[in-house]
Undergrad: 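Dropping a structure here in structure tokens format, bear with me for questions.
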Amino acid sequence: MPAVKELKKNGRATLKRHYFLLVILCAISAFFGTEFTLVKEKAEFMYAAVTGKTEEVGGNTLKAASSSTNSLYEDLVSDNIKAGKEKVAGRIEEYKNAVTGSVLARKRGILAGVINTVTSGGLYVTIFEALHNIVHSPTAAAIIPILVGLTGSLLFWIFVRNVFQVLLRRASLEARLYEQVPIGHMLYLKLVGRWAKAAWTLLIRSVYEYLWSLTIVGGFIKHYSYFLVPYIVAENPDLGPKKTILLSRQMMYGHKWECFLLDLSMIGWHLLGLLTFGILDIFWTNPYLLTAYNEFYA
């Protein structure tokens, strides 16, 4: 296998040929929460380090939001819709009176109204009222939207977030080989009718990785054992989870350390990304790492 230096050199060549495509794909991946999700955390960490306002970044703000949500939920479960509506109205007023430029400053416009309605809990109260008129049970009316939301989140994770790993690798592997990568190729799995099968394979891998993470060192080792699963699915989605995972283990046998060294060699770029509040990660480090991984797989 080529040395890490050679892998990165070849990766940079691919990145230069398809820079904007790869940057956009990695940004979408981060937006979906699939991969490269540390950009936001780096920005928050550096903001806290520079300003010293750690509580604004997370801490008390999140605790206050959680407490307020729980209070609204308790009002609805106890069938006190009036109190719930008053809380929502108070939150919206708080948003409108917030200082311009702050996180809560959403004063006017249709978009601001929609955001305020959702984040204040107004949408939840509206749904609760509609369900309450149907089921005549405040507890059921409060729980049903939560269950629907959890189900939707689970389905999104299985069929979008996980599967995007495969779509990302399919497109980036084509970028490695071809001068043109049609955007329609992002729907490769749909075109061949293997979207659900790919989702099932990635779900099984996630379950395996989680179970191994409960052991002392198993999670670290198996992360590299299953590292090539999305690549294999990208090239042959018909294999199924058992064969795909087995093939990844066989291919990574004797190469886990090399992949670890590749990760280790990118630490400098990750630190620079930290110093730039994650901006460098978006425009260079993430797509660079992806193309280097592609060279490792090839």
Side-chain angles (χ1 to χ4, degrees), residues 11 14-15 18-48 56-58 61-62 65 102-106 109-112 114-119 123 148-176 181-191 195-196 198-199 201-203 205-206 209 223 227 229-231 233-234 263 266 269-270 272-294:
T14 300
L15 178 55
H18 298 278
Y19 177 75
F20 290 107
L21 172 67
L22 294 171
V23 168
I24 291 171
L25 290 177
C26 289
I28 294 174
S29 180
F31 177 77
F32 282 158
T34 303
E35 296 174 271
F36 312 120
T37 56
L38 292 177
V39 175
K40 179 174 177 290
E41 287 78 358
K42 286 181 178 179
E44 290 179 344
F45 177 83
M46 285 304 295
Y47 173 82
E56 253 183 59
V57 178
T61 302
L62 292 177
S102 72
V103 176
L104 296 178
R106 298 187 289 266
I110 297 176
L111 180 59
V114 172
I115 294 174
N116 288 344
T117 300
V118 174
T119 56
L123 179 61
V148 171
L150 290 174
T151 302
S153 297
L154 179 62
L155 292 176
F156 180 82
W157 175 65
I158 294 173
F159 290 102
V160 179
R161 284 180 58 180
N162 264 4
V163 174
F164 196 79
Q165 297 178 55
V166 177
L167 302 179
L168 179 63
R169 280 154 181 79
R170 178 75 185 193
S172 60
L173 285 173
E174 289 193 13
R176 178 180 179 271
V181 181
I183 195 66
H185 287 196
M186 286 299 297
L187 298 176
Y188 159 74
L189 290 173
K190 180 175 175 56
L191 294 175
W195 196 290
T201 299
L202 271 294
L203 174 61
R205 186 197 69 163
S206 296
E209 283 192 335
H223 165 74
F227 185 79
V229 167
Y231 284 99
V233 176
D263 282 336
M266 301 297 288
W269 287 109
H270 289 304
L272 287 174
L274 186 65
L275 295 174
T276 59
F277 294 80
I279 295 175
L280 185 66
D281 289 342
I282 296 173
F283 293 103
W284 180 258
T285 307
N286 292 340
Y288 179 23
L289 184 58
L290 175 65
T291 56
Y293 282 150
N294 290 345

Undergrad: What's the separation between atom CE in Met266 and atom CG in Leu289, rounded to the nearest 0.5 Å?
TA: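 Interatomic distance, Met266 CE to Leu289 CG, rounded to 0.5 Å: 5.0 Å.
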Undergrad: If you look at every heavy atom in Arg169 and Gln165, which pair is closest and at what distance?
TA: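 Answer, listing the atom of Arg169 first, then Gln165: NH1-O, 3.0 Å.
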Undergrad: Would you indicate whether the side-chain heavy atoms of Leu21 and Val181 approach each other to under 4.5 Å?
TA: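 In short, these two side chains touch, coming nearer than 4.5 Å.
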Undergrad: Nearest 0.5 Å please: distance from the CD1 atom of Ile183 over to the CD1 atom of Ile24.
TA: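 Taking CD1 in Ile183 and CD1 in Ile24, the distance rounds to 7.5 Å.
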Undergrad: Counting C-beta onward and ignoring hydrogens, is there a side-chain heavy-atom pair between Leu203 and Trp157 closer than 4.5 Å?
TA: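 Touching, per the 4.5 Å side-chain cut-off.
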Undergrad: Nearest 0.5 Å, what's the CG-CG distance between Leu167 and Leu25?
TA: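 The distance works out to 9.5 Å.
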Undergrad: For Val166, does its backbone N or O pair with a side-chain atom of Arg170 as donor and acceptor, under 3.5 Å?
TA: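 Not at all, since once roles are kept as given, no pair shorter than 3.5 Å links the two residues.
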Undergrad: Of all heavy-atom pairs between Ala171 and Met186, which one has the smallest distance, and what is that distance?
TA: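 Answer, listing the atom of Ala171 first, then Met186: CB-SD, 3.6 Å.
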Undergrad: Could you check whether any side-chain heavy atom of Thr285 comes within less than 4.5 Å of a side-chain heavy atom of His270, counting everything from C-beta outward?
TA: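 Yes - at least one pair of side-chain heavy atoms lies under 4.5 Å apart.
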Undergrad: What is the distance from atom CD1 of Ile28 to atom CG of Leu168, rounded to the nearest 0.5 Å?
TA: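 If I round to the nearest 0.5 Å, the distance is 9.0 Å.
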Undergrad: Please confirm whether Arg161 makes a cation-pi placement over Phe32, using NZ or CZ under 6.0 Å from the six-membered ring centre and within 45° of the ring normal.
TA: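 Judged by the rule (NZ or CZ under 6.0 Å from the ring centre, within 45° of its axis), Arg161 is not positioned above Phe32.
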Undergrad: Set out, in order, the CA-CA distance, both residues' side-chain angles and the distance that settles ring-ring contact (aromatic ring centres under 6.0 Å, His included) for Tyr231 and Tyr293, then state yes or no.
TA: CA-CA 10 Å; Tyr231 284 99; Tyr293 282 150; 7.6 Å; no
Undergrad: If you look at every heavy atom in Ala234 and Tyr188, which pair is closest and at what distance?
TA: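 For Ala234 and Tyr188, the tightest heavy-atom pair comes out as O-CE2, 3.4 Å.
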Undergrad: Do the ring planes of Trp284 and Trp269 sit parallel (below 30°), tilted (30 to 60°) or perpendicular (above 60°)?
TA: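 It falls in the tilted class, 30° to 60°.
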Undergrad: Nearest heavy-atom pair of Val23 and Pro287: which atoms, and what distance?
TA: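 Smallest interatomic distance, heavy atoms only, reads CG2-CG, 3.9 Å.
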Undergrad: Between atom CG of Leu15 and atom CZ of Phe20, what is the distance when rounded to the nearest 0.5 Å?
TA: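 With rounding to 0.5 Å, CG (Leu15) is 10.5 Å from CZ (Phe20).
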Undergrad: One pair to check against side chain to side chain contact (heavy atoms under 4.5 Å, CB included): Leu290 and Cys26. What are the steps and the verdict?
TA: CA-CA 8 Å; Leu290 175 65; Cys26 289; 3.9 Å; yes
Undergrad: Run the side chain to side chain contact (heavy atoms under 4.5 Å, CB included) test on Ser172 and Thr291 for me, step by step, so that the C-alpha distance in whole Å, both residues' side-chain angles and the decisive distance to 0.1 Å come before the verdict.
TA: CA-CA 7 Å; Ser172 60; Thr291 56; 5.8 Å; no
Undergrad: For the backbone of Asp281 and the side chain of Asn286, can you confirm whether one donor and one acceptor N or O come within less than 3.5 Å of each other?
TA: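 Between the backbone of Asp281 and the side chain of Asn286 there is a qualifying donor-acceptor contact (under 3.5 Å).
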Undergrad: Do you know which two heavy atoms are closest between Ser29 and Phe36, and how far apart they sit?
TA: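 Smallest interatomic distance, heavy atoms only, reads OG-CD1, 4.1 Å.
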Undergrad: Near Tyr19 OH, under 6.0 Å, is it more than 12 heavy atoms from other residues, nucleotides or ligands?
TA: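 Atom OH in Tyr19 is packed in, count exceeds 12.
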